[in-house]
Chemist: 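My structure is below; once you've seen it, I'll send some questions.
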Protein chains: 2
Amino acid sequence: MAPKIKSPEEREQLRLLILNAARSLFVERGIDAVSMREIAKKINYSATTLYNHFADKDALLQAVCDEDFLALAGSMQDIMKLPDLLDRLQALCKSYAFFALNHPNHYRLMFMTPHAPCNLDTTKIEQGNPEQDGYAQLKWVVKEAFDAQLFKADITDYELIAQTLWASVHGVCSLEIALGHDPWINWASIDARLSLMQRSILSGLLQHPDQLKESSDFTMATPLSTTSNI
Amino acid sequence: MAPKIKSPEEREQLRLLILNAARSLFVERGIDAVSMREIAKKINYSATTLYNHFADKDALLQAVCDEDFLALAGSMQDIMKLPDLLDRLQALCKSYAFFALNHPNHYRLMFMTPHAPCNLDTTKIEQGNPEQDGYAQLKWVVKEAFDAQLFKADITDYELIAQTLWASVHGVCSLEIALGHDPWINWASIDARLSLMQRSILSGLLQHPDQLKESSDFTMATPLSTTSNI
DNA sequence: GCCGTTAATTTAACATTGTTAACTTATCTT
DNA sequence: AAGATAAGTTAACAATGTTAAATTAACGGC
């Protein structure tokens with residue numbers, strides 16, 4: 001009803017308004033359950049306005065995901081300052097799991113849903129830049145540990161190690177998100193599962209498993225049903 | 001146009017016709033991309049007929065999943081005959097991975113999509129019956145190995161071990177399905193990832209990792225894009 | 001201070017979706 | 001033969017993603 005001509009800042013502001021509305025609805029109720037009209041209504045615009053800022057629902061989705069990737073990378077970056085290599089590695093895994101379990105719908109979007117091969121063009125994230133790319137950080141730490149010969153000598157590809165570590169934590173988290181409430185399985189506590197996984201996979205990869213400190217208090221605490229904004 | 005009164009066998013036959021049409025479409029193009037009308041058209045019925053056999057799309061989905069669970073359990077059951085415990089464990093993991101990677105859309109349905117907590121009532125699968133419940137089989141083998149004190153002594157919950165093993169293989173497979181084609185990650189070969197994961201997690205869990213044979217030739221071969229029927 | 005251009009937004013509309021209600025028709029039972 | 005029932009269809013509903021057309025307000029130039 002009242003179109004003012006907008007400065008680039010105002011335009012960006014609306015873009016963010018849409019983005020945040022979309023995110024909070026997606027996170028709260030899942031992607032498919034949320035319609036463009038709903039997102040629009042939440043911020044008192046009509047649905048078509050969204051199309052002025054995002055090509056379609058998928059583009060909006062990717063924009064949300066991009067921001068979430070950045071958030072994940074950010075939370076990891078603090079960890080990179082820890083002095084001890086093994087501490088860093090373990091804290092990285094733990095922080096990753098924490099993110100996954102506290103933002104299950106985000107996580108589902110990001111790592112459990114086959115998106116059309118992540119347009120390297122349309123995405124805003126710089127690949128390989130540790131400030132933006134969480135995977136790059138993991139790779140980096142693993143490479144350090146690899147160069148320090150912490151891993152078994154017959155494993156010659158450090159990126160393979162990084163991917164194995166990732167997959168192990170991802171396995172626990174994604175099973176929890178997909179089937180954690182399923183009465184079919186008599187689940188052990190998520191803390192126990194994460195803890196045993198991390199201990200086992202590391203001790204299976206390391207040359208001297210006895211270097212592993214016991215520690216690793218896994219208290220994810222926040223129940224999965226309590227989904228929250230970022 | 002031509003309703004004949006149907007014997008229970010004929011009714012069951014149509015049920016299967018629907019089920020198979022649904023499955024092949026789901027597997028080929030994903031769940032959301034397939035409409036009830038499409039499934040119906042494929043077998044030359046009108047959409048409403050499907051509702052005569054399945055309450056709604058979700059029920060149809062669960063029926064498909066049920067059959068797939070059975071197929072997975074079946075493929076595992078052959079393995080249970082292997083004499084050596086560790087062989088059995090490894091073959092079980094391998095067979096699970098094979099299933100996942102050769103039926104990615106099935107797998108996505110079954111283990112990567114939060115279904116409404118698996119109505120233990122409406123499902124046809126008998127929980128705990130090893131002939132029907134793949135998880136029960138894994139649990140069983142793990143318990144055997146646990147009783148034979150193959151695992152590290154300080155792990156006291158054999159079901160936790162089973163869940164950790166499951167999560168490790170699931171982690172590799174589900175990442176491959178969700179992001180395996182993503183140029184973001186410089187993936188090692190899926191064979192290498194599965195092989196390292198299995199070796200590491202077992203050697204991290206076992207009391208005497210040196211018992212592990214090298215073997216484990218992982219050749220999943222079939223490329224992911226070649227989705228096929230069950 | 002008017003005027004065309006353009007940006008911002010909305011209303012209307014389209015094709016599809018899952019699903020239900022109403023109807024048709026052929027078969028079975030008595 | 002008549003009524004009940006099963007099997008199926010057509011028609012319709014509300015909701016979805018998306019697009020085209022229409023509306024409104026601000027800006028730049030004269």
Chemist: Could you check how far NZ of Lys41(B) sits from C1' of dG8(D), rounded to whole Å?
Modeler: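 Lys41(B) atom NZ is separated from dG8(D) atom C1' by 18 Å.
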Chemist: Do the side chains of Lys139(A) and Asp133(A) get close enough for a salt bridge, i.e. N-O under 4.0 angstrom?
Modeler: no
Chemist: Among residues 30-40 of chain A, which contact DNA chain D at a heavy-atom distance under 4.0 Å?
Modeler: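 Only Val34(A), Ser35(A), Met36(A), Arg37(A) qualify.
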Chemist: Atom CG of Leu17(A) and atom C1' of dA8(C): how far apart are they, to the nearest Å?
Modeler: 15 Å
Chemist: Sequence neighbours left out, cut at 3.5 Å: what donor-acceptor pairs do the side chains of residues 157-164 of chain A make with other protein atoms?
Modeler:
unit_1    : atom_1 : unit_2    : atom_2 : d
Asp157(A) : OD1    : Glu159(A) : N      : 2.9
Asp157(A) : OD1    : Leu160(A) : N      : 3.3
Glu159(A) : OE2    : Tyr135(A) : OH     : 3.0
Gln163(A) : OE1    : Ala188(B) : N      : 2.9
Gln163(A) : NE2    : Tyr135(A) : OH     : 3.1
Gln163(A) : NE2    : Asn186(B) : O      : 2.9
Thr164(A) : OG1    : Leu160(A) : O      : 2.9

Chemist: More 5' along DNA chain D: Asn44(B) or Ala47(A), using each one's nearest nucleotide?
Modeler: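 The 5'-side residue here is Asn44(B).
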Chemist: Within less than 4.0 Å of OP1 or OP2 of dT9(D), is there a side-chain N or O belonging to Tyr45(B)?
Modeler: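 False: Tyr45(B) side-chain N/O out of range (4.0 Å or more) of dT9(D) OP1/OP2.
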Chemist: Would you say CH2 of Trp140(B) has more than 12 non-hydrogen atoms from neighbouring residues, nucleotides or ligands within 6.0 angstrom?
Modeler: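 No, CH2 of Trp140(B) has 12 or fewer neighbouring heavy atoms, counting only those of other groups under 6.0 Å.
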Chemist: Once you round it to whole Å, what is the distance between C1' of dA15(D) and CZ of Arg29(A)?
Modeler: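 Taking CZ of Arg29(A) and C1' of dA15(D), I get 13 Å after rounding.
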Chemist: Could you state the atom-to-atom distance from NZ of Lys57(A) to P of dT16(D) in whole Å?
Modeler: 9 Å
Chemist: With a 4.5 Å cut-off on side-chain heavy atoms, are Met36(A) and Leu60(A) touching?
Modeler: yes
Chemist: Roughly how many Å is it from CG in Leu60(B) to C1' in dT17(C), rounded to a whole number?
Modeler: 15 Å
Chemist: Give me the residues of residues 48-56 of chain B where at least one heavy atom lies under 4.0 Å from an atom of DNA chain C, by number, or none.
Modeler: Thr48(B), Tyr51(B), Asp56(B)
Chemist: Quick one: salt bridge (charged side-chain N to carboxylate O under 4.0 Å, His left out) partners of Arg15(A), sequence neighbours excluded?
Modeler: none
Chemist: Go through the structure and list residues passing salt bridge (charged side-chain N to carboxylate O under 4.0 Å, His left out) with Arg88(A), not counting sequence neighbours.
Modeler: Glu144(A)
Chemist: How would you list, by chain and number, every residue that makes a salt bridge (charged side-chain N to carboxylate O under 4.0 Å, His left out) with Arg37(A), sequence neighbours excluded?
Modeler: none
Chemist: Distance check needed: dA7(C) C1' versus Arg15(A) CZ, whole Å only.
Modeler: 18 Å
Chemist: Taking it one step at a time, do His170(A) and Tyr107(A) satisfy ring-ring contact (aromatic ring centres under 6.0 Å, His included)?
Modeler: CA-CA 10 Å; His170(A) 167 79; Tyr107(A) 192 82; 5.7 Å; yes
